[in-house]
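Report on the following structure.
Numbering of residues begins at 1 and proceeds along the displayed sequence. Both counts, for ligands and for their atoms, begin at 1 and track the order of listing. The figures that follow rest on heavy atoms only: side chains count, while hydrogens, waters and symmetry mates do not.
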Amino acid sequence: MFPEQGYTYEEYKETADWLLANTQHRPLIAIICGSGLGGLAEILKDQKVFSYSDIPNFPQSTVHGHAGRLVFGNLNGKSCVCMQGRFHLYEGYPIWKVTFPIRIFQLLGVETVIVTNAAGGLSEDYKVGDVMLIKDHINMPGFAGNNPLVGPNDERFGVRFPCMSDAYDRGLRKLAKTVARELGFSDFLKEGVYCVLGGPSFETIAECRMLRKLGADAVGMSTVHEVLVARHCGMRVFGLSLITNKAVMDYDSESKANHEEVLQTGRERASHLERMISSLIERLEHNNNVC
Ligand code: HPA
C-alpha cells in the first residue's frame, strides 16, 4: 500500500558527506523549527546557511511559514544545525521523504534532536500560548501502517523493532523544567501527549473529542515521524509543542482553527521559546562532552 523506503544508504551518505565538505560545523544538536518558530535559527552565531534546493537529494518545503533552509551555527558555544521548515505528509510527500533529514543529522554526528511544533490544545488545562513538553505521542497514521520505518530495515541505522516507550528523553524533560523555572516560565509550561494526524484539514469537533478521550493533550500534523526515525538511529529526542489554538470541542462554539492564528501565536511566544531552548542547549551534555 505504501511505497518502499525510497532512499538508499548511499544517497543518505552522499548528502551528509556533501554537507560535511561544505561546512566546518560538526553539530551534536539538531533543532527542527515548527510553524512560525523559524526565528530560532536566527539566533545561531557564525552561520552557514544552505537552501534545501541546493542540497543534493533534499526535498523542498512548500508551506507558508516554513523557509526551507538548513542553518548551521553556534548557540551558547555549541555547534547546532537547524531546519527552518520541515516536510509534512499533507504536502504530498511519502513519509520517507518527510524524515530524510533525520538520518542526515545522524550521519553528521548529531546526538540530540530538538523538535518543535505548533499544535492545537485538547486538554482543558491548556491555554493559547502554553508550551507543552512532549512526554509521549500517539501516531495515528502509524495505526494505518504509515510509519517511516516501514519497508526493508537498514541495520546500519537501527534495529527492526525499535522501542518507543522512552522516545522523549526523561533527563532532558527534567532539565527543561528546571530551566523554565529559572526563567520564570513555569506558568505557561505544561507536559503532555502529542497526537499526530495527516492533515491538512483541521479536526472536526467529534475528532477532537475522540482524541481527548484517547489521552491526547495536543494535536498536530508533524514531529512524530521524525521522532520515530531519530529514535531508530539512536539519537536522544526532546520535543516542545507551542499551543497556538484551542481545539474546538463544543458544538455551540464560534471559534475556528486557522493557520494565521497558528503563525501569530508563534510570533508572540517565539522569544520565550528561543530563550528556553538556548538555556537548555547551554546545559546539555554529550558523550564526548565537546559540543
Ligand atoms: N490541529 C492540527 N494541527 C495544528 C493545530 C490544530 O488545531 N494547530 C496547529 N497545528
- Query: Are Glu274 and Arg269 ion-paired here, with the side-chain N under 4.0 Å from a carboxylate O?
  - Reply: no
Cluster membership besides Ile205, Ile/Leu/Val/Met/Phe/Trp/Tyr side chains within less than 4.5 angstrom, sorted by chain and number, is Val248, Tyr251
Pro56 meets the side-chain contact (heavy atoms from CB on, under 4.5 Å) criterion, sequence neighbours left out, with Trp18
Ring pair (Phe, Tyr, Trp, His ring centres under 6.0 Å) pairs touching residues 106-148, sequence neighbours excluded, are His137-Tyr168
Distance col, row Glu124:CD vs Arg212:CZ, nearest 0.5 angstrom, shows 5.0 Å
At less than 3.5 Å, what protein N or O atoms come close to the N or O atoms of ligand 1? Include the distances to 0.1 Å.
{"from": "ligand 1", "atom 1": "1 (N)", "to": "Glu203", "atom 2": "OE1", "distance (Å)": "2.8"}
{"from": "ligand 1", "atom 1": "1 (N)", "to": "Glu203", "atom 2": "OE2", "distance (Å)": "3.2"}
{"from": "ligand 1", "atom 1": "7 (O)", "to": "Asn245", "atom 2": "ND2", "distance (Å)": "2.9"}
{"from": "ligand 1", "atom 1": "8 (N)", "to": "Gly120", "atom 2": "N", "distance (Å)": "3.3"}
{"from": "ligand 1", "atom 1": "8 (N)", "to": "Asn245", "atom 2": "OD1", "distance (Å)": "2.7"}
{"from": "ligand 1", "atom 1": "10 (N)", "to": "Ala118", "atom 2": "O", "distance (Å)": "3.3"}

Angle between ring planes, Phe185 versus Phe188, binned at 30° and 60°: parallel, tilted or perpendicular? tilted
